[in-house]
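Here the structure is laid out as structure tokens; the discussion comes afterwards.
Residue numbering restarts at 1 for every chain, and letters A, B, ... go by the order of the sequence lines.
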Protein chains: 2
Amino acid sequence: MIYMATRSVAGEKTGLKEIAEAINSPQAFTAKILQNLVKDGLVSSTKGPHGGFCIKRPTAEIFLAEIVASIDGDQLFIGCALGLEKCTEDHPCAVHYKFKAVRDHLTGMLQTTHLEDVSDRVITGLSFLKTGTNKR
Amino acid sequence: MIYMATRSVAGEKTGLKEIAEAINSPQAFTAKILQNLVKDGLVSSTKGPHGGFCIKRPTAEIFLAEIVASIDGDQLFIGCALGLEKCTEDHPCAVHYKFKAVRDHLTGMLQTTHLEDVSDRVITGLSFLKTGTNKR
DNA sequence: ATAAATAAGGATAAAAATATCCTTTAATAT
DNA sequence: ATATTAAAGGATATTTTTATCCTTATTTAT
Ligand code: FES
Ligand code: FES
């Protein structure tokens, strides 16, 4: 998503091969994740020559939480640190009172950081999407 | 560890069966984790009749970070959110600048919360180590 | 129409995490 | 000494996550 955001400024398509290469992730695996993002309406895809993937909405309106939820589900946001079936105030686990603040911090960060925030730093060369040497 | 802390007030041994039951975790699996904790010096064990496990040091001196590190290694503390080989300021990933604060929050919490903190709440019935219904 | 490019989707495969089983070792009690 | 109890440790199994392969469907260009 971040790589596409750096490419989708005008709405160009980006091919699977190029995306996988850019983030140093296996093609077939990357394809599955992209399929998921398409299914969830975050990304549009077109087949055929010059086909590829493209972020559907303005990157300033897509928050990281939405992407994480699409790929990994919601356990990161609502799961119990000690693995209890569910995290509640009624029956809190032994670390709930300490953990909740951290989890909320993470959730808050993901809900307030949008793709543009993040991709801008990649575009300006301040941060990266893969290891420098590309030898991973 | 938290369950043992609630039991080890005076230094009593606690058997594997009892621990596994108390935290609703499979015995054999729990045994492997205990072996690891013994190896890392957090827990002592004795075989034979009336044998069992016992926390080695005062629970007020054992911080959660030490336990997590023993069981899961240090990736939680130093790993990159986007999966880059390593997390550095030199070659930060696209979310490093946002993620670091959250990770440091988690690390800080684990480094400042000791077992006694946590087990006291279990002893007083404010928090729990397994699901209420025990039907997990 | 036909060929070429590219994503979609289903079926496996490999790797990692989680879990079990069984034998061995050490401690205690008789 | 012997029997019993309980952890240690090695081998194996299951499940989940990660990854690959191959066929099908769709779009574009000729
Ligand atoms: S109950 Fe465990 S984190 Fe809330
Ligand atoms: S480089 Fe990714 S979190 Fe620091």
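Of the possible donor and acceptor atoms, one in the side chain of A/Asn36 sits under 3.5 Å from a partner among the backbone N and O of A/Ser70. Judged by distance alone, the side chain of B/Arg103 and the main-chain N or O of B/Phe77 form a donor-acceptor pair under 3.5 Å.
The phosphate of C/dA8 (OP1 or OP2) has a side-chain N or O of A/Ser45 nearer than 4.0 angstrom.
Between the CD1 atom of A/Ile33 and the C1' atom of C/dA7 there is a distance of 15 Å, given to the nearest Å. Remark: P of D/dT17 and CG of A/Asp72 are 9 Å apart, rounded to the nearest angstrom. Computed from coordinates, the B/Asn36 CG to D/dA8 P distance equals 11 Å when rounded to whole Å. Rounding to whole angstrom units, CD of residue A/Gln35 and P of C/dG10 are separated by 9 Å. Taking atom CG on B/Leu16 and atom P on D/dA8, their separation rounds to 9 Å, with Å as the unit. Between the CG atom of B/Leu37 and the P atom of D/dA8 there is a distance of 11 Å, given to the nearest Å. When the P atom of C/dT6 is taken as reference, atom CG of A/Leu34 falls 15 Å away, rounded to whole Å. Distance, B/Lys17 NZ to D/dT5 C1': 10 Å, rounded to whole Å.
With sequence neighbours left out, B/Thr113 forms a side-chain hydrogen bond (donor to acceptor under 3.5 Å, both in side chains) with no residue at all.
Under the salt bridge (Lys or Arg N to Asp or Glu O under 4.0 Å) criterion, no residue pair touches residues 105-125 of chain B, with sequence neighbours excluded.
Under the 4.5 Å side-chain criterion, counting only non-hydrogen atoms from C-beta, A/Glu85 is not in contact with B/Asn24. Within the 4.5 Å cutoff, no side-chain heavy atoms of B/Lys130 are placed close to those of B/Ile23.
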* To do: For nucleotides 19-30 of chain C, just jot down a letter per nucleotide in 5' to 3' order: B, S or -, based on protein non-hydrogen atoms under 4.0 Å.
  => BB----BBBB--

